[in-house]
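One structure is given here, and the rest of the page talks about it.
Reckoned from all heavy atoms, side chains included, excluding hydrogens, waters and symmetry mates. Order of listing sets the numbers, starting from 1, for every ligand and every atom in it.
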Amino acid sequence: MTSSLISTTLSRRGFIAVGTGGLAALALASCSPTPPRYVTPTSAPVREAELARAGTGRVTSVALRAAETQLDLAGTTAETWSFGPVPASTIRITAGDTLRATVSNDLPADTSVHWHGLALRNDMDGVPGATQAPIGAGEKFTYEFVTAQPGTYWFHPHVGPQLDRGLYGALIIEDPNEPLSYDDEWVVVLDDWLDGVTATPDEVLEELNGGMGGMMSGGGMGGNMMMGARSDLLGGDAGDVRYPHFLINGRPPADPETFTSAPGRRVRIRLINAGSDTAFRVALGGHRLTVTHSDGFPVNPVDTDAVLIGMGERYDVLVTLGDGAFPLVAMAEGKDDKALAIVRTGSGEPPTTATAVPELTRSVLTAETLVASSEVALGTRDVDRELTATLSGSMMDYDWAINGRRFDPTNPMAGALGVSQGERVRLNIKNETQMWHPFHLHGHTYQHSGEGPRKDTSIVLPGKSLSVIFDADNPGLWAAHCHNIYHAEAGMMTILGYTAS
Ligand code: C2O
Ligand code: CU
């Protein structure tokens, strides 16, 4: 996510110039106007794509105020930044309707809001330096776009490591013709928390940027860097950052949320990982989960005991409830700690993090086993363009990069991946590092090659590759990055740009 550098270099200068810097120099040399190389966020193709979404015209308006606040973590008070409660109040809208969200920035810093997972109009994607100027302190910005696709989404800023504060919330786009039947629906947002307790995210980023060398020579002071977080499911090193708390819906295990229902009722649980450096292994003690959606899109339903969720990923699951009080646990993968909520349908002592949850170590679902529902499968078609995103870097130097280049917010289009509108694209994500990364593409929901699930964020294990297919049908400039916020900020980010014709 773009660092605060961008606010000084791009904020008031105009983001339209993005990508034309090098060409402007060429144009000067030849004394003839040179067309921009990439479609800009405010160009005609972006407007046309929005019109093609054929919305209902109905508008849902929300106000989001980003401000300093305090979060009570069972007795520990954390000074943080949020949109009111943590998570923000869930935004609900019906697919086809227009979301009008007015963001007031009462923070002492620039911010923005990114609508994670949505194929929306590019100028509303919330990426300063690529799609808009940052929203300065004291300023307002109104996001307005058609919400075309039902599903479980979320929102967060795209400025520095602000995502690792309390600035996040769920965005649920309801299907006017919902095919699933269920009695209750719960939104479960997972998070790793340190802000205002052990450090701020900016301090953590600074510490990590010092690398392990800095730490060993005594330069790294904070002790927020974590070593030895191991997970077989994640192929080794599980994370870089030590968190004092793991939260479900903003609450620690000592003060858990209780979901109340009745035995036999069927519940749809929308799981969202809003963490910054933690994958969660989620299970509901005494129950099996039926996974129905990956990142908002339907899959052929699969039963499992637990599910692994990387940062930015979402899974929807259906559960038929038993009688009693059950732990809904999110184990911080490789970090020896847990987030907890309680599901109560009858009597019984409330479970704690000490309650055994054997489901956590039975079958754990990951995306590879999923198959897209036929109605959202992309179908066979020749691939027009093949792109590669090679992930590199190490914890030692904290030099995370894509295709050998660390993202430079002052020159965001350097190393951009180009596509032309209308193409079927294959993107090969190659992880050449010794650590897993949750790779995220904005503005598109690709399909894992073969019959795999539709997704916008995917775990790529160390030394492995993931090949995905998408249709280039949403023109603009789209960030693509690791959803470990510290990796993204250190440079594991690039832009997918539609070339201008
Ligand atoms: Cu959750 Cu760039 O995104
Ligand atoms: Cu990463």
Output yes if [X] passes the N/O/S-under-2.8 Å test against atom 2 (Cu) of ligand 1; output no otherwise.
| X | result |
| --- | --- |
| H116 | no |
| H114 | no |
| H158 | yes |

Could you tell me whether the side chain of [X] and the main chain of [Y] form a donor-acceptor pair under 3.5 Å?
| X | Y | value |
| --- | --- | --- |
| E144 | T98 | no |
| S276 | N484 | no |
| D456 | H444 | no |

Residues at least two apart in sequence or cross-chain that pass side chain to side chain donor-acceptor pair (under 3.5 Å) with N122, listed by chain then number, are none
For E48, the side chain to side chain donor-acceptor pair (under 3.5 Å) test, sequence neighbours excluded, returns none
Here the N/O/S atom of H442 closest to atom 2 (Cu) of ligand 1 would be NE2
For H481, the N, O or S atom at the shortest distance from atom 2 (Cu) of ligand 1 is NE2
Sequence neighbours excluded, the answer for salt bridge (charged side-chain N to carboxylate O under 4.0 Å, His left out) partners of K455 is D295, E313
Quick check: does H156 have an N/O/S atom under 2.8 Å of atom 1 (Cu) of ligand 1? yes
So, leaving waters aside, the tally of protein N/O/S atoms less than 2.8 Å from the Cu ion (ligand 2) stands at 3
Between [Y] and [X], do the side chains contain a donor N or O and an acceptor N or O under 3.5 Å apart?
| X | Y | result |
| --- | --- | --- |
| Q162 | T111 | yes |
| S467 | R426 | yes |
| S458 | Y446 | yes |

